2 protein chains.
Amino acid sequence: MPRRSGVTIRDVAQRAGVSITAVSHALNDKGTLSPATRERVRKAAAELGYRADVVARALRESRMGALGLVIRPLDALGDYLPSGVDYFTRLSGAAAHAAADLGLSLMLVPDLTRSPHSPLALSLDGYIVTDPVIDDPIVTMLLERDLPMVTVGRDPQRSERIPWVATDDTGDTLRMLRTLASGGAERIAFVAGTDENSWNLDAIEAYHSWCAENGIEPVLLRVPEAAGEDGGREAAARLWAGDAPEAVYCLTGRHAAGIMRALRERGLRVPEDVEIAAASDSEHTRSAGITALDMRPSALARAAVTLLDAVTRDDPRAAELQGTLIEGAVIPRSSTRGTA
Amino acid sequence: MPRRSGVTIRDVAQRAGVSITAVSHALNDKGTLSPATRERVRKAAAELGYRADVVARALRESRMGALGLVIRPLDALGDYLPSGVDYFTRLSGAAAHAAADLGLSLMLVPDLTRSPHSPLALSLDGYIVTDPVIDDPIVTMLLERDLPMVTVGRDPQRSERIPWVATDDTGDTLRMLRTLASGGAERIAFVAGTDENSWNLDAIEAYHSWCAENGIEPVLLRVPEAAGEDGGREAAARLWAGDAPEAVYCLTGRHAAGIMRALRERGLRVPEDVEIAAASDSEHTRSAGITALDMRPSALARAAVTLLDAVTRDDPRAAELQGTLIEGAVIPRSSTRGTA
DNA sequence: AGTCTTGTATAAAACGTTTTATCACAGTAG
DNA sequence: CTACTGTGATAAAACGTTTTATACAAGACT
């Protein structure tokens with residue numbers, strides 16, 4: 001019996017010479033008790049080191065005190081992970097801390113679509129789903145069961161129905177494009193990923209509207225996220241096959257690193273001949289000296305946890321928190337010339 | 001009431017026309033029921049989509065079906081994380097999957113020493129503590145409360161009392177030293193971290209015994225893990241102040257990368273003039289082309305989860321699993337000359 | 001005919017809380 | 001003296017399981 005700390009509400013009641021009801025009321029500031037009794041109970045509880053059993057409380061209140069974190073990009077990969085991705089450690093670590101600050105626990109929920117999932121997996125108070133794609137089966141499942149949920153990154157099609165927080169993809173994209181432009185580049189190519197999540201979709205849209213506004217012919221390439229640096233090299237080959245761009249903005253850091261390498265091999269100088277920037281900071285961009293965005297996963301996680309907590313307790317503040325955009329911070333490095 | 005799927009054991013009982021006891025027995029293969037009744041109950045349960053409520057079950061059985069993961073190196077850092085560290089994502093992701101395979105959930109447990117921890121935090125069936133240091137307060141706390149626990153990496157002083165699994169630090173160190181020696185290096189310096197965990201301590205001991213065996217004067221430097229690349233540069237300065245080594249073996253990848261950079265600045269060629277290797281593979285070693293060890297975090301996590309599960313259910317197999325060593329895999333890169 | 005088995009099925013207790021409804025009592029007003 | 005109004009406390013129900021002990025019948029043995 002690992003869970004039981006041994007001391008129950010009954011022990012406290014006995015010690016304080018009152019009923020268990022009195023104990024419950026005293027400790028939760030409910031009911032009508034004289035201040036004297038309240039104090040006596042508190043003292044007894046403290047002396048015994050009493051902590052109400054979570055499970056019993058959960059059974060009664062139908063509230064677990066725990067949130068689930070579903071990291072979609074990880075589910076896709078099984079238990080192996082592409083190297084260099086520290087984003088998710090930062091995100092989940094921050095989420096766990098933010099949850100703890102609210103007196104909640106955070107559970108890592110691995111792929112819910114696999115048939116026998118662990119028992120607790122669907123019994124939590126609410127779920128954070130990161131980067132859902134179009135028609136994401138997990139989102140569908142949670143919606144069907146009517147379980148509270150927020151997404152990190154909008155659900156591309158159902159964002160009206162599901163509260164979300166996200167990186168400010170539109171703003172970030174424009175900011176980065178302006179940074180590149182301020183370095184003198186005019187023809188700026190854009191390399192996005194192929195996953196159908198809001199991160200890709202919103203940035204692409206922002207790029208198009210920026211091009212339209214500035215009278216620039218858009219040059220868009222989509223490269224699978226999983227293609228890594230090689231995908232970047234290939235993108236470079238295709239971009240430089242035609243009218244060479246003066247700058248390239250990549251969403252994925254590894255693509256950017258691959259492009260950089262390919263260009264160097266062609267004898268092009270960065271940033272003198274070409275500027276390069278990436279939307280997500282990772283070890284690749286850091287070690288290659290590529291200007292990138294810090295997407296601030298810990299701020300994002302904190303916002304998501306706060307929102308979900310409000311949602312689960314029908315707190316009206318949920319309305320304000322919904323749609324929070326976390327602005328990325330440009331980290332200027334040697335691959336760009338301009339100022340932000 | 002988010003948890004309740006709505007359908008309880010009573011509904012099933014009614015539908016099948018039996019008592020709730022019968023339902024429980026039928027579904028758990030207990031008691032004495034006729035095969036016919038068993039089948040009838042199963043059918044009714046299936047039709048209603050009944051799943052026993054985890055919380056109610058946990059209350060009765062005092063077993064949650066959930067394990068806690070405590071990542072000590074992360075606790076030290078709060079919710080911000082040094083960049084480039086993907087080891088822990090891989091570890092926790094793999095642990096979550098391994099737990100799921102056993103029908104268990106995995107909870108991320110942030111720093112238990114902070115006073116108001118989340119309620120569930122101390123109510124789980126067992127705990128995995130990674131890389132405990134000497135006199136680790138978390139380990140002490142769990143021991144005091146008599147909660148089942150395993151460590152990843154031995155507890156330096158209490159390993160007799162606490163089941164553990166670990167990387168094969170001794171074997172890995174020797175293997176890597178031999179790799180470096182096979183490239184022709186004789187004077188091999190060793191750079192370890194300052195945390196007092198078994199990873200550092202065991203590797204240092206292995207280094208010393210290897211030196212003794214081969215009649216080599218040990219050159220050991222300890223650099224704080226948090227010092228990162230700058231720590232590496234400084235280490236290089238100190239190492240090359242005296243009798244220059246022919247090879248350097250670093251436990252931490254970032255130290256190795258810093259050393260490499262510093263040496264290049266001094267005009268030394270790697271691997272022609274100096275060989276460099278690291279014990280932990282990270283983006284730093286990958287991008288700098290430094291030979292390193294893949295510590296196989298997913299194998300490690302799986303071993304830890306399996307062991308902990310055995311421990312919590314008093315399974316005798318725990319004895320066999322205890323002390324499992326996971327051998328690292330050398331990833332040869334251009335910073336070394338020899339063959340493994 | 002009574003007494004054991006044997007095979008099925010269930011009633012009820014227990015797990016540790018929270019909450020609702022009720023109770024006892026003192027003081028106050030009519 | 002009765003009736004009401006608070007005030008302070010508690011008994012008991014409920015949450016959804018699992019398990020222990022018991023009940024009931026039908027057949028098998030003395």
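Because only heavy atoms are used, hydrogens play no part in the values below, and waters and symmetry mates are left out as well, while side chains stay in. As the structure is a computational prediction, the values presented were derived from the model and not from experiment.
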Without decimals, in angstroms, what is the distance between [X] [atom1] and [N] [atom2]?
| X | N | atom1 | atom2 | value |
| --- | --- | --- | --- | --- |
| A/I9 | C/dC15 | CD1 | P | 14 Å |
| B/E61 | D/dG16 | CD | P | 17 Å |
| B/D53 | C/dC15 | CG | P | 19 Å |
| B/I20 | D/dG16 | CD1 | P | 11 Å |
| B/R10 | D/dA14 | CZ | C1' | 10 Å |
| A/E39 | D/dG8 | CD | P | 16 Å |
| B/M64 | D/dT17 | CE | P | 15 Å |
| B/L59 | D/dT18 | CG | P | 11 Å |

Let's see if you can work this out: which of [options] has an atom nearest to the side-chain heavy atoms of [X]?
| X | options | value |
| --- | --- | --- |
| A/T37 | C/dA9, D/dA9, D/dT17 | D/dA9 |
| A/R57 | C/dT18, D/dT10, C/dA9 | C/dT18 |
| A/S19 | D/dT17, D/dG8, D/dT10 | D/dT10 |

Legend entry - 5' precedence on DNA chain D between A/T21 and A/T32 (nearest-nucleotide basis): A/T32

Inset, instruction - Name every residue in residues 23-31 of chain A that has at least one heavy atom under 4.0 Å from any atom of DNA chain D, in order of residue number, or write none if there are no such residues. - result: A/H25

Decide yes or no for [X] and [Y]: does some side-chain heavy atom of the first lie under 4.5 Å from some side-chain heavy atom of the second?
| X | Y | result |
| --- | --- | --- |
| A/V305 | A/I128 | yes |
| B/L325 | B/T167 | no |
| A/L67 | A/Y127 | no |

Inset, instruction - Answer yes or no: are there more than 12 heavy-atom neighbours, outside A/Q322 itself, under 6.0 Å from its atom CD? - result: yes

Inset, instruction - Taking only Lys NZ, Arg NE, NH1 and NH2, and the carboxylate oxygens of Asp or Glu, determine whether A/D101 and A/R302 approach each other closer than 4.0 Å. - result: yes

Legend entry - Sidechain N-carboxylate O distance under 4.0 Å for B/R313, B/D309: yes

Which protein N or O atoms sit under 3.5 Å from an N or O of nucleotides 23-28 of chain C?
none

Legend entry - No-H, no-angle donor-acceptor pair, B/R60 side chain to D/dT17 base, under 3.5 Å: no

Inset, instruction - Could you note down all residue pairs passing salt bridge (charged side-chain N to carboxylate O under 4.0 Å, His left out) where residues 31-43 of chain A supplies at least one of them, sequence neighbours left out? - result: A/D29-A/R42, A/E39-A/R42, A/K43-A/E47

Inset, instruction - Any chance you could measure A/L106, atom CG, to B/L106, atom CG, to the nearest 0.5 Å? - result: 10.5 Å

Inset, instruction - Give the C-alpha distance, both sets of side-chain angles, the deciding distance and a yes or no for salt bridge (charged side-chain N to carboxylate O under 4.0 Å, His left out) between A/D131 and A/R72. - result: CA-CA 6 Å; A/D131 303 295; A/R72 293 303 286 145; over 6 Å; no

